[in-house]
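Have a look at the structure below before the remarks.
All figures in this text were calculated on a predicted structure; none of them were measured in a lab. In this chain, numbering begins with 1 at the start of the sequence shown.
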Amino acid sequence: MPLARGREFLSIPGPTNVPETVLQAMHRPAVDIYADDLLDTTRQCLQDLKPVFRTAGSTYIYIANGHGAWEAVLTNTLSRGDRVLVLESGRFARGWGDQGEMLGLAVEVLPGGWRRAVDPAAVTARLRADPEGTIKAVLVVQIDTASGVVNDIPAIRAAIDAAGHPALLMVDGIASIGCMPFEMDLWGVDVAVTCSQKGLMMTPGLSFVAATDRARAAHRTAGLRTAYWDWTARDMPENYRKFCGTAPEHMLFGLRTALGLLFEEGLERAWARHAALARAVQAAVAVWSEGGALDFNIVAPAERSAAVTTILTPGFDPERLRSFTRENCGVVLGSGIGDLTGQAFRIAHMGYANAPMVLGTLGAAEVALRALGLPHGEGGVQAAVAALAGHFAPEG
Ligand SMILES: *Cc1c(COP(=O)(O)O)cnc(C)c1O
């Protein structure tokens with residue numbers, strides 16, 4: 001007999017759980033697009049995104065998912081035929097590069113494995129082989145949501161600088177911003193993107209771009225610009241220009257509330273919360289993997305992300321586990337995607353997530369492992385509890 005009645009719990013890496021107050025902020029009638037409330041909300045959201053990206057640069061809000069923000073960045077800064085270097089570490093940077101190819105960019109992939117982070121030394125070596133600076137941009141993901149890896153963005157910046165290369169550094173922070181440190185200006189990131197439904201605790205449908213002066217200088221001569229994505233139009237004072245049409249009113253009201261929650265907690269504390277929850281998940285997975293049927297996808301512990309953990313299941317079909325937790329426990333785990341389809345499952349610890357949510361998810365997964373008789377080390381949840389206790393009472 002299933003034990004799923006109750007609130008279904010989403011533990012997938014996007015969309016993530018949306019706080020009630022955010023949903024309530026959206027539950028209201030539409031307003032005049034010239035109403036002060038809407039103009040203030042837009043201004044405030046654009047302004048509040050700056051400390052989220054940690055930039056003094058310009059911010060843009062698109063009525064689009066993350067794929068839209070990818071396209072916004074490429075069309076605003078590049079021209080047909082420009083060369084870009086994609087740093088592979090899973091699925092998402094490749095996907096961004098594929099979009100560039102359709103736009104007419106010359107896309108080169110710096111190959112990387114699905115089980116480790118981008119190697120900064122390989123970036124330097126590749127850029128040194130381009131003394132004329134024909135590569136206009138380097139595209140990288142901070143956290144790859146498919147592989148579960150975290151890339152070292154400051155190290156990649158240093159790798160570009162070590163080659164003395166002028167390429168723009170473009171970072172996809174969709175699964176990382178709000179979940180771990182991201183310092184756009186301090187790290188020398190030229191363009192960054194994120195979106196609403198991962199670390200920022202909002203519904204899917206909005207994405208955000210931040211651009212420094214360097215990126216905006218490239219924008220002036222970019223040949224791929226199109227009316228909808230164009231920064232120049234969106235920089236104009238009229239509110240409707242900022243969205244190339246009607247503002248996504250309800251989503252802006254929701255976003256303002258979500259960002260308010262984030263600031264109320266404090267960005268640094270949100271990062272620390274994600275790190276602690278990630279340690280709990282990792283502690284459980286480390287114990288389970290002693291049984292040999294499952295293992296971390298990311299080999300090096302330091303390269304495992306604070307937002308999502310990808311778990312390989314060489315000993316069983318991960319869909320058995322996922323359907324068990326969904327149907328019997330009301331917990332929806334993430335599936336393996338891309339190269340890991342059918343070979344992995346994912347646990348999200350991203351956005352609006354706290355200790356019982358993570359313990360509940362781990363508990364349901366451990367129930368499934370036991371009930372299905374899948375070989376696993378016993379005591380994963382216990383290890384997660386110990387990790388959380390350690391967070392509150394560090395030894396020494
Ligand atoms: C979710 C995600 C995307 C894609 O975002 P969509 O909103 O689904 O278009 C891109 N990059 C990363 C790292 C993501 O996690």
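By the criterion of side-chain heavy atoms lying less than 4.5 angstrom apart, applied directly or through intervening Ile, Leu, Val, Met, Phe, Trp or Tyr residues, Ile63 is not grouped with Leu39; the two fall into different hydrophobic clusters. Val332 and Leu372 sit in two unconnected hydrophobic clusters of ILVMFWY residues. Membership requires side-chain heavy atoms under 4.5 Å apart, directly or through other members. When the side chains of ILVMFWY residues are joined at heavy-atom separations under 4.5 Å, either directly or via intervening members, Val191 and Leu74 end up in a single hydrophobic cluster.
Met357 CE to Thr16 OG1: the interatomic distance, rounded to the nearest 0.5 Å, is 9.0 Å. One distance of note links CZ of Phe263 with CZ of Arg269; it measures 15.5 Å at 0.5 Å rounding. Residue Leu252 holds its CG atom at 12.0 Å from CG of Asp40, rounded to the nearest 0.5 Å. The CG atom of Leu224 sits 9.5 Å away from atom CG of Asn76, with the distance rounded to the nearest 0.5 Å. Distance check: Asp48 CG to Leu262 CG gives 9.5 Å after rounding to the nearest 0.5 Å. With rounding to the nearest 0.5 angstrom, the CD atom of Glu366 is 12.0 Å from the CG atom of Leu374.
The closest donor-acceptor contact from the side chain of Arg273 to the backbone of Tyr352 lies at 3.5 Å or more, if one exists at all. Under a 3.5 Å cut-off, the side chain of Asn151 and the backbone N or O of Val141 do form a donor-acceptor pair. Side chain of Thr325 to main chain of Ala365: no donor-acceptor pair is present (N/O by atom type, distance under 3.5 Å, no hydrogens or angles). At least one donor-acceptor pair closer than 3.5 Å links the side chain of Asp144 to the backbone N or O of Arg91. In this structure, Asp130 contributes its side chain and Ile135 its backbone to a donor-acceptor pair below 3.5 Å. No donor-acceptor pair closer than 3.5 Å links the side chain of Ser147 to the backbone N or O of Gly90. For His391 (side chain) and Ala389 (main-chain N/O), no donor-acceptor pair under 3.5 Å exists by modelled atom type. A donor-acceptor distance shorter than 3.5 angstrom exists from the side chain of His274 to the backbone of Gly351, with no hydrogens or angles considered. Remark: the backbone N or O of Gly173 is paired with a side-chain donor or acceptor of Thr194 at under 3.5 angstrom. Listed for the Glu8 side chain is no donor-acceptor partner under 3.5 Å among the backbone atoms of Gly330.
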Between side-chain atoms of residues 198-215 and protein atoms elsewhere (two or more places apart, or another chain), which donor-acceptor pairs fall under 3.5 Å?
residue: Ser207; atom: OG; partner: Ala64; partner atom: O; Å: 3.2
residue: Ser207; atom: OG; partner: Asn65; partner atom: O; Å: 3.1
residue: Thr212; atom: OG1; partner: Asp190; partner atom: O; Å: 3.1
residue: Arg214; atom: NH1; partner: Asp190; partner atom: OD1; Å: 3.2
residue: Arg214; atom: NH1; partner: Asp190; partner atom: OD2; Å: 3.0
residue: Arg214; atom: NH2; partner: Pro166; partner atom: O; Å: 2.5

N/O donor to acceptor pairs below 3.5 angstrom from side-chain atoms of residues 177-185, sequence neighbours left out:
residue: Asp185; atom: OD1; partner: Thr55; partner atom: OG1; Å: 2.6
residue: Asp185; atom: OD2; partner: Thr55; partner atom: OG1; Å: 3.4
residue: Asp185; atom: OD2; partner: Ala56; partner atom: N; Å: 2.6

Extract all donor-acceptor atom pairs below 3.5 Å that involve side chains of residues 155-163 and protein atoms in other chains or at least two apart in sequence.
residue: Arg157; atom: NE; partner: Asp161; partner atom: OD1; Å: 3.3
residue: Arg157; atom: NH1; partner: Gly188; partner atom: O; Å: 2.6
residue: Arg157; atom: NH2; partner: Asp161; partner atom: OD1; Å: 3.1

Listing, residues 311-319 side-chain donor-acceptor contacts under 3.5 Å, not counting sequence neighbours, or none:
residue: Thr313; atom: OG1; partner: Phe316; partner atom: O; Å: 3.2
residue: Thr313; atom: OG1; partner: Gln343; partner atom: O; Å: 3.3
residue: Asp317; atom: OD1; partner: Glu319; partner atom: N; Å: 2.9
residue: Glu319; atom: OE1; partner: Arg322; partner atom: NH1; Å: 2.7

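Nearest approach of Ala222 to Thr77, heavy atoms of both residues: CB-C, 3.5 Å. For the pair Pro15 and Leu10, the tightest heavy-atom approach, listed with the atom from each and the gap, is O-CD1, 3.6 Å. Contact record, Leu359 with Ala384: CD2-CB, 4.1 Å, taken as the closest heavy-atom pair. Nearest approach of Thr361 to Ser11, heavy atoms of both residues: CG2-OG, 3.3 Å. Nearest heavy-atom pair, Val331 versus Ala364, reported as atom, atom and distance to 0.1 Å: CG2-CB, 3.7 Å. When all heavy atoms of Thr221 and Ser79 are compared, the pair lying nearest together is O-OG, 3.6 Å.
Among Asp152, Val149, Leu87, the single residue meeting the side-chain contact (heavy atoms from CB on, under 4.5 Å) criterion with Val118 is Leu87. Here the rule is side-chain contact (heavy atoms from CB on, under 4.5 Å) with Lys242, and of Leu46, Ile61, Asp235 only Leu46 fits it. Across Arg234, Lys50, Arg216, a single residue satisfies side chain to side chain donor-acceptor pair (under 3.5 Å) together with Ser58, and that is Arg216.
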Applying side chain to side chain contact (heavy atoms under 4.5 Å, CB included) to Leu340 and Thr310, what does each step give before you reach the verdict?
CA-CA 9 Å; Leu340 300 183; Thr310 301; 3.7 Å; yes

Yes or no on side-chain hydrogen bond (donor to acceptor under 3.5 Å, both in side chains) for Arg220 and Thr232, after CA distance, side-chain angles and deciding distance?
CA-CA 9 Å; Arg220 277 179 224 117; Thr232 297; over 6 Å; no

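Residues meeting the ring-ring contact (aromatic ring centres under 6.0 Å, His included) test with His219, sequence neighbours left out: Trp231. With sequence neighbours excluded, the residues forming a ring-ring contact (aromatic ring centres under 6.0 Å, His included) with Tyr62 are Trp229, listed by chain and number. For Arg94, the side chain to side chain donor-acceptor pair (under 3.5 Å) partners are Glu88, not counting sequence neighbours. Residues satisfying the side chain to side chain donor-acceptor pair (under 3.5 Å) test with Glu264, not counting sequence neighbours, are none. Under the side chain to side chain donor-acceptor pair (under 3.5 Å) criterion, Ser289 pairs with no residue at all, not counting sequence neighbours. Under the side chain to side chain donor-acceptor pair (under 3.5 Å) criterion, Thr309 pairs with His349, sequence neighbours left out.
Sorted by first and then second residue, the salt bridge (charged side-chain N to carboxylate O under 4.0 Å, His left out) pairs involving residues 13-38 (not counting sequence neighbours) are Arg7-Glu20, Arg28-Asp37, Asp37-Arg256. Listed by first and then second residue, the salt bridge (charged side-chain N to carboxylate O under 4.0 Å, His left out) pairs involving residues 74-86 are Arg83-Glu108 (not counting sequence neighbours).
More than 12 heavy atoms of other residues, nucleotides or ligands shown are found within 6.0 angstrom of CZ on Arg241. Under a cut-off of 6.0 angstrom, the local environment of CD in Glu265 is crowded, with over 12 non-hydrogen atoms contributed by other residues, nucleotides or ligands.
Ring geometry for His67 against Trp70 counts as tilted: the plane angle lies between 30° and 60°, on a 0 to 90° scale.
Arg346 has its side chain within reach of Ile337: a pair of non-hydrogen atoms, C-beta onward, lies under 4.5 Å apart.
A cation-pi arrangement is absent between Arg320 and Phe345 under the rule of less than 6.0 angstrom and at most 45 degrees off the ring axis.
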